[in-house]
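The next block holds one structure in the form of structure tokens; read it before the comments.
The structure presented is a predicted model; accordingly, all values stated were derived computationally and were not measured. Chain letters run A, B, ... following the sequence lines, proteins first, then strands; residues in each count from 1.
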Protein chains: 2
Amino acid sequence: MSISNPPNPTVRVLLVDDHAVVRQGLRLFLGLDPDIEVVGEAGNGEEALAEAQRLAPDVVVMDLMMPVMDGITATRALRRALPDTEVIALTSTLEEHKVNGAIEAGAISYMLKDASSDTLAEAIHAAARGEVRLHPEAARRLVRDFRSAEMRETLTPKETIVLQLIARGHSNRDIAADQGVSEATVKTHVSRLLSKLELESRTQAALYALKHGIARLDGVEG
Amino acid sequence: MSISNPPNPTVRVLLVDDHAVVRQGLRLFLGLDPDIEVVGEAGNGEEALAEAQRLAPDVVVMDLMMPVMDGITATRALRRALPDTEVIALTSTLEEHKVNGAIEAGAISYMLKDASSDTLAEAIHAAARGEVRLHPEAARRLVRDFRSAEMRETLTPKETIVLQLIARGHSNRDIAADQGVSEATVKTHVSRLLSKLELESRTQAALYALKHGIARLDGVEG
DNA sequence: TGACCCTTCCCCCTTTCGGCGGACGCCTCC
DNA sequence: GGAGGCGTCCGCCGAAAGGGGGAAGGGTCA
């Protein structure tokens, strides 16, 4: 907008997504902007890390859901190794806990894959300048989760483990046997975590764990 | 391969995905095959239906997760309206119950977005010939779910409703009040559905419901 | 050292679950 | 029209879950 702005230098971008289709689409999208150069691609977090260290891109566009090494882990590692490289998290759906995870891991932006090529290009330029861009809904959830995290006391390691086991459908007796403690101890943990999370039953706790990424559905038998 | 095969006629394809990025990538992928022509695109199920009726494509490549009208619903409607048009379901992740849903809705193939352009092109040609192509893991789950569906007795309407409410974290008393019956009745439903599904607790039932698409996590408060 | 937190375990108690058996109405099929 | 199957309803009862309170050992930190 302002004529005092220097002309945009070319931004060097690394694309990270496990789907070749998506990488191709992104390449095409970003090819429309002459000030963006896609210097490389990676299909998972490990590759991303290696390529980033080799290429030292200005911005990494990172899918969060990937095999081998997921995007959040990769983002954390990448920010540690290359503090000058900004990461834009890119997901297809707004997943509750991933917004937090990505931001906490050091992503500067959180975008959805249904973004237009303009929006994406703008976010990349913004990231190169160190400016934050958040999808509106992502911003809303971030604020909400931040507030609730303030309210909510954090769980101790044992409480977290017990919560995860509850989210796999285990009974108190099962958990006690699994952890090598008495059932009374497990009950204490359950009571405390229910109280902390302001929940009423273990079933609600299981749902809470799934919703907030503390446990996963694929850990469940059946 | 065989020289006795007739030359492939050009297959007319409609791409359906809510992400423009993915549509672009697919276009690029399929553009490599001279016998495939992408005749149109749609960003949701409703658009897909309208475009399919206008264009009468040979094959529709359909993402399953979309706003407005999801891919499974769209597939069902599309197969009803245009029985000669084959549908290939395309998803980014192998979601348990969606494999069943897509096949039951009339999809001829189930592919993942991480497929190579060759695989995808081959599946499109196969679909045009009326041949099934399944991602190996999708095939495995289909067989497994088919078998377990054989084993598993079906739930009655009431039992299904109770299961859904359990999967939202409600207690028996809550459910009784909600459904206008006594708590004892709710308990009967719970007992029977646990027995039918071979589960041990309401928490396991909640997880089962989520895993099999009977209930959704976004129906949960918190 | 004292204060604080985490973990472990116990007690007692109420509520909730879940299994078992029984009942009624509705439908179908012989 | 009676026999059986199924869905819905209910009560009894033992088991599991959950609340409240207390207590002990170990860890960290001021």
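- The side chain of B:Leu194 lies closest to C:dG19 when the candidates are C:dT8, C:dG19, C:dC17.
- Of the candidates C:dC17, D:dC10, C:dC9, the closest approach to any side-chain atom of B:Lys187 belongs to C:dC17.
- Set against C:dC17, C:dT8, D:dG18, the side chain of A:Lys158 has C:dT8 as its closest nucleotide.
- When rounded to the nearest whole Å, the span between CD of A:Gln204 and P of C:dT16 equals 13 Å.
- Protein atom NE2 of A:His170 is 13 Å distant from nucleotide atom P of D:dA17, rounded to whole Å.
- Protein atom CG of B:Leu193 is 14 Å distant from nucleotide atom C1' of D:dT8, rounded to whole Å.
- C:dG18 atom C1' lies 14 Å from atom CD of B:Glu159, rounded to whole Å.
- With a 4.5 Å cut-off on side-chain heavy atoms, A:Leu207 and B:Leu210 count as touching.
- In this structure, A:Glu183 places its CD atom 10 Å from C1' of D:dA15, rounding to the nearest Å.
- For A:His189 and C:dT8, the shortest distance from a side-chain N or O to OP1 or OP2 is below 4.0 Å.
- Set against C:dT16, D:dG18, D:dC10, the side chain of B:Thr185 has D:dC10 as its closest nucleotide.
- For the pair A:Val16 and A:Val61, the minimum side-chain heavy-atom distance is 4.5 Å or more.
- For B:Arg192 and C:dC20, the CZ to P distance is 12 Å, given to the nearest whole Å.
- Across all strands, A:Ser201 comes closer than 4.0 Å only to sugar-phosphate atoms, never to a base (heavy-atom distances).
- At least one donor-acceptor pair closer than 3.5 Å links the side chain of B:Gln204 to the backbone N or O of A:Gly169.
- Within the 4.0 angstrom heavy-atom criterion, base atoms lie near B:Ser191.
- Within the structure, a side-chain polar atom (N or O) of B:Asn172 is placed less than 4.0 Å from OP1 or OP2 of C:dC17.
- What separates CD1 of B:Ile166 from C1' of C:dT16 is a distance of 13 Å, to the nearest Å.
- Atom-to-atom, CZ of B:Arg173 to C1' of D:dG18 comes out at 14 Å; the value is rounded to the nearest Å.
- For A:Asp70, the side chain to side chain donor-acceptor pair (under 3.5 Å) partners are A:Thr73, not counting sequence neighbours.
- Of the listed nucleotides (C:dT16, C:dG21, D:dG18), D:dG18 has the atom at the smallest distance from the side chain of A:Val190.
- A:Thr156 comes within contact range of the sugar-phosphate backbone alone, with a heavy-atom separation under 4.0 Å but no base atom that close.
- B:Ser182 comes within 4.0 angstrom of sugar-phosphate atoms only, judged by non-hydrogen atoms across all strands, and of no base.
- In this model, a donor atom of one side chain and an acceptor atom of the other lie less than 3.5 Å apart for A:Thr185 and A:Ser182.
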